[in-house]
**Student:** 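Pasting a structure here, questions to come.
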Amino acid sequence: MRSAGGPVRARVRDRVAASDPGLLRLAAGLRTAGAIALAVAVLALLGADVTHLVTGALAAMVATFAIREKQRGPQALTLALGLPVALASMTLAAVLHRHVVAGDLAFVALIFCAVYGRRFGDRGTALGLIGFQTYFMSLFVGATVSGLPELCWAVSVAFACSALVRFVLVPETPTGVLERLRSAFRARLAQLLSAQLELLDAGPQEADRALEHVREGTGRLHETALLIQGRLEEGTADEAMARLVQRRVADAEIAAERLGLSLLAARGAERADTLAMHLPGAPVPSGGRHPVREEASVTLRRDLEALRVLVLHPVGQATGTALSQVRNRLLAYRDEENLPDASPAVQDAFRAIGETARAVLGLRIALGGTQDESDDSPATARSREELYAEDAVLDAEEEASEEPSGLRRPTTRAAVQVAVGSTLAIVGGELLSHDRWYWAVLTCWIVFLNTASTGEILVKGYRRLLGTVLGVLAGIVLAGAVGSHTWTAFVLVLLFVFAMFYSAPLSYTLSSFFVTAALGLLYTLLQTYSLSVLVLRIEETALGAACGVIAAAVVLPVQTDRRTNELLATVLDRLGEVTRSSVDQLSGGPPVELLDQARDLDQALADLRAAVQPLTHPVTPLRARKETARYVVALLETCAYHARSLAATAELLPTHPSIAADPRLRRAAGRIAHNIEAIAAHVTDELSTAGIETGPSIASLLGRTVPGAPRYGRVTDRVLRHLQRLDEAVSGLARPLGVPVKASDG
C-alpha cells in the first residue's frame, strides 16, 4: 500500500522551493553556520581559548559570505587569495594597535580600497570585504603583536573549514542551483494558478484580497524568472540550452500573467484594466458585469485545477494516460472550434488556459522531461511541432556597454563617500567610547553596501538602527539566560547566524536584529558583556548611520530624485528598444535578439523599483509623492508586461507558418515609440518641450475595430490588444510625470 507521506513531502518541498527560489537562502545560511560550527569544533579540539574560538567563528563567517562567484574554480581562487589578505589586515591592525592616529588613517585607507575594489567585479568585492571585516574583527577581539601567531592560526583554520564546507559538505554547483530554481519556478507557477482560481471563486467581499494574492504571486514568479536568467550561462551545458530555457521560462511567465488578466475579465469586467494587476491596492474591476453560464464556470474551474496538476507533475516522470488526456484537452482550447459556448471574455480565459498549457509543455521539453508522444491528440502534436521548430532557430548575441569614468564611476564615488563618512564615524565614535568606536564605522560601511542614493542610505540606516535596538533588547534577555554556559551561547550564535543569512534578502531589519543578538552573546563569551555595552552599541549604530547619511548628502551626492530619474530614463530607453524591435520584426523586419532586450528591460525596472523605496517607504511624509511613485512604477510594469508579450509573439514568426507579418503594424506603433521618446526626453531634461500625442485607437489606425475575441491565427489579431494597452499605459505616464499632451492629427 502506498504511503501518504509522499504527497505530503512533495507539497512541503514545493512550498519551500516556492518561498526560497533555488533554496539560495537556505544554502547560504547552512553554509555559513556550518563553517562557523566546524571552525569552532576544530579550534576547540586544538585547545584554543574563548578569544580564539570567537576569532575563528568570525573569520569563518567572513570567508564564507564574502565569496560571490558562481563557478567553483573562481570561488576557490578568491578564497585562496582571501587568506593572505585577511592575515595582512589582521597584522596591520595588531601592529597599529597602540598607534591611534596611524591606525585610524590606515583603517580609512583600507575602507576606501575595499569599496573601490568593487569595480573589479565579484573578486574585488570579496577581497575588499575580507580585508575590512578582518580589520574590524581584530579590533573586536583586541589583536596585539604578541598574540598575532595564535590569531593568524585561528584565521587559517577558519578559512580551511570554510573551504571544506563550501566544496564538500554543502556544495553549490551552478547546475544544481539552476535545477532548484527550475523547481521553484514550477512551484511558484502552481501557487499563482491557485491564487487565480481563488480570484475566480471570490465573492464581492474577498475579491480585493484575492486579487492581491494574484498580484503577489505574479511578482514572485517574475522574481524567480529573473533569478533563472541570471544563472543560465553557468548552469547549462551550452549556449543553445541556455537560450532554450530562457525562452521557455519567459513564455510560461507571460502566459501565466495573460491568464490572470483573462480571468480578471471573465469574473466581471469585459475590459479588465491591466493596471489592476500591477498597482498595489487597485480594486477588482466591477464595471460591465455579465452573466456566466454555470457549465462554463464549472469547466473553467476544473481546467484551472487540471492546469495546476500539470504544472506540478515532476519533469523526470512519464506522463500517464489520464494526465495526457488532461493535457490534450487543455491544448485543444488553442483552436476556436473547441471553445465552449460562453461570453467572449470567458472564451478568452479558455484560450489563455490553452496557451499556458502550451507554455508548460514547452518548459517540460526544455527541461529534458520524458516525452511520450503516443497519447498525443492532433492539437498536442501541433503544439509539439511548433515548439520543436522554435527550438531549432534559437541563437544568441551579446552587447557591450560603456561605463562612466573618474568620479562619475559609482565605485569611485562610493569609496570617497565611505571614506569621509568613516572618518566622521571614527571621530564621533571616539567621543562615545575609546574602545568600541569601530561599531560606528561598521554601520557607516554597511549602509553604503548595495545603495546608490541618499534616500536609500537613509532608509537602510533607519532599518539597521531599528533592528539593532530590537537585537539589544533580545541580547539583554539572552545574556541573562545563558550566563556562563559557553557552548549554549555558541549554539545560539549559530542559530542566529543562520537566521541572519536566511532572512537577509527578505528584511534588513530582521537581519540586523539577529546579528545584534548574536553579538550580544559573543560579548558574553568574551566576558565583556554589560548593559552599558549594549546601549553603547545602539549609540554607535545611530552615529554610524548619521555619518553615512551626512557623507552621502554632502560628498558627491546622488539625490534620490536624480537617481530615480536616471533609472526611469533607462527603463524608458529599454522599453522603447523592445517595442521598436518587436514591432519591426512583427512588421516583416529581420529577426533580432528580443529576449535579451526584454531581460534588460526587466532588470532596469527592478533597479528602479529598488531605488524608489525611499519614496514609497511607510514613514515618508510626502504622501502625494509616494502615490505618484507607486503609480508610475505600476504603469511601467504594465508596459513591461505588454512589451514582453510583443517580444514573445515576434519570436514566433520564423517558426509558425500560420502567423504572417503585417507591415501596417510599424505605422500603427509609431505613436507609441514617439511618446516613449518624448517622456524620456522630459525625464532627462526638465526644459524639454516634447509632448506626447493622443488620437485614434491603435486598431483604428489599421482600419479595424478592436475585436471582442481576437482570432489567434494572424499576428495582427494577436498583438492588437497588447499594442493598444501599451499605448494607453505609455500615455498614462504623461500626467504624473508632467509631460505635455497634444492631440494627433492622425
**Student:** Below 4.0 angstrom, N of the basic side chain to O of the carboxylate: do R358 and E355 qualify?
**Tutor:**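 Salt bridge absent between R358 and E355.
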**Student:** If you measure from CG on L310 to CZ on R329, what distance do you get to the nearest 0.5 Å?
**Tutor:**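 Those atoms lie 10.5 Å apart.
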**Student:** Minimum heavy-atom separation for I254 and S645, please, with both atom names.
**Tutor:**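 Taking I254 first and S645 second, the nearest heavy atoms are CG2-OG, 3.3 Å.
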**Student:** Compute both the distance and the angle, then confirm whether R735 meets the cation-pi test with Y631: under 6.0 Å from the six-membered ring centre, within 45 degrees of the axis.
**Tutor:**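 Satisfied, under 6.0 Å and within 45°.
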**Student:** Measure the CD1-CD distance between I672 and Q724 for me, rounded to the nearest 0.5 Å.
**Tutor:**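 Atom-to-atom, I672:CD1 and Q724:CD are 8.0 Å apart.
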**Student:** For residues L466 and S512, determine if any side-chain heavy atom of one lies less than 4.5 Å from a side-chain heavy atom of the other.
**Tutor:**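 Contact flag for L466/S512 side chains = no.
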**Student:** Would you say that L636 contacts L568 through its side chain, given a criterion of any heavy-atom pair below 4.5 Å between the two side chains?
**Tutor:**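 A side-chain contact exists here, since the closest heavy-atom pair is under 4.5 Å.
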**Student:** Between F350 and T299, what is the shortest heavy-atom contact and its length?
**Tutor:**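 That would be CE2-CG2, 3.8 Å.
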**Student:** Locate the shortest heavy-atom distance separating L331 from G354; write the atom from each residue and the value.
**Tutor:**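 Between these two residues, the closest heavy atoms are CD2-O, 3.9 Å.
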**Student:** Looking at every heavy atom in both A650 and L594, which two are closest together, and how far apart are they?
**Tutor:**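 A650 and L594 have their closest heavy atoms at CB-CD1, 3.4 Å.
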**Student:** Between atom CD of E257 and atom OG1 of T638, what is the distance when rounded to the nearest 0.5 Å?
**Tutor:**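 It comes to 8.0 Å.
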**Student:** Calculate, to the nearest 0.5 Å, the distance between atoms CG and OG belonging to L312 and S194 respectively.
**Tutor:**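 Those atoms lie 7.5 Å apart.
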**Student:** Under the criterion side chain to side chain contact (heavy atoms under 4.5 Å, CB included), I'd like the reasoning laid out for I692 against V730: C-alpha separation, chi angles, the key distance, then a yes or no.
**Tutor:** CA-CA 9 Å; I692 69 165; V730 170; 5.9 Å; no
**Student:** Can you tell if the side chain of L263 reaches within under 4.5 Å of the side chain of L304, non-hydrogen atoms only?
**Tutor:**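 The answer is yes; the side chains approach within 4.5 Å.
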**Student:** Taking all non-hydrogen atoms of both residues into account, name the closest pair between L608 and T564 and its distance.
**Tutor:**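 Closest pair (atom of L608, atom of T564, distance): CD1-O, 3.7 Å.
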**Student:** What's the separation between atom CG in N338 and atom CG in N328, rounded to the nearest 0.5 Å?
**Tutor:**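 It is 11.0 Å, given to the nearest 0.5 Å.
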**Student:** With a 4.5 Å cut-off on side-chain heavy atoms, are F185 and L363 touching?
**Tutor:**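 When only atoms from C-beta onward are counted, F185 and L363 do touch, with a gap below 4.5 Å.
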**Student:** Should L259 and Q196 count as side-chain neighbours, where that means a heavy-atom distance under 4.5 Å?
**Tutor:**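 They are in contact (side-chain heavy atoms under 4.5 Å apart), so the answer is yes.
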**Student:** Would Q191 and E216 count as a side chain to side chain contact (heavy atoms under 4.5 Å, CB included) here? Give the steps.
**Tutor:** CA-CA 10 Å; Q191 286 185 348; E216 291 174 355; over 6 Å; no
**Student:** Kindly determine whether D727 and L723 satisfy side chain to side chain contact (heavy atoms under 4.5 Å, CB included), including the steps that lead there.
**Tutor:** CA-CA 6 Å; D727 181 46; L723 282 173; over 6 Å; no
**Student:** If the test is side-chain contact (heavy atoms from CB on, under 4.5 Å), which one of L30, L26, L510 qualifies with Y502?
**Tutor:**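 That would be L26.
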**Student:** Quick one: does L646's side chain get under 4.5 Å of V578's, heavy atoms only?
**Tutor:**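 A side-chain contact is absent here, since even the closest heavy-atom pair is not under 4.5 Å.
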**Student:** May I ask you to test the L575-L605 pair for a side-chain heavy-atom distance under 4.5 Å?
**Tutor:**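 No, side chains not in contact.
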**Student:** For the residue pair L330 and A306, what are the closest heavy atoms and their distance?
**Tutor:**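 Where L330 meets A306 most closely, the heavy atoms are CD1-C, 4.3 Å.
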**Student:** Between Q347 and D341 (side chain of the first, backbone of the second, donor and acceptor by atom type, cut-off under 3.5 Å), is there such a pair?
**Tutor:**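 Side chain of Q347 to backbone of D341, a donor-acceptor pair under 3.5 Å: no, none is there.
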**Student:** Are any non-hydrogen side-chain atoms of L733 and L572 less than 4.5 angstrom apart?
**Tutor:**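 In contact.
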**Student:** Flag the pair R599 and D602 as a salt bridge only when some basic side-chain nitrogen lies within less than 4.0 angstrom of an acidic carboxylate oxygen.
**Tutor:**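 A salt bridge is absent here (no side-chain N lies under 4.0 Å from a carboxylate O).
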**Student:** Could you work out, with salt bridge (Lys or Arg N to Asp or Glu O under 4.0 Å) as the rule, every residue matching R25, not counting sequence neighbours?
**Tutor:**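 R25: salt bridge (Lys or Arg N to Asp or Glu O under 4.0 Å) contacts with D20.
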**Student:** With sequence neighbours left out, write down each residue that passes side-chain hydrogen bond (donor to acceptor under 3.5 Å, both in side chains) with N675, or none if nothing qualifies.
**Tutor:**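 By the side-chain hydrogen bond (donor to acceptor under 3.5 Å, both in side chains) rule, N675 matches no residue at all.
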**Student:** Within this structure, what is the CZ-CD1 distance for the pair R351 and I353, rounded to the nearest 0.5 Å?
**Tutor:**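 That separation rounds to 12.0 Å.
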**Student:** Between E198 and R209, does any NZ, NE, NH1 or NH2 come within less than 4.0 Å of an OD or OE carboxylate oxygen?
**Tutor:**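 Salt bridge absent between R209 and E198.
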**Student:** Is R188 reaching over with its side chain to a backbone N or O of R220, donor-acceptor style, under 3.5 angstrom?
**Tutor:**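 Between the backbone of R220 and the side chain of R188 there is a qualifying donor-acceptor contact (under 3.5 Å).
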**Student:** Taking V311's backbone N and O only, do any of them form a donor-acceptor pair with R186's side chain (distance below 3.5 Å, no angle check)?
**Tutor:**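 Present.
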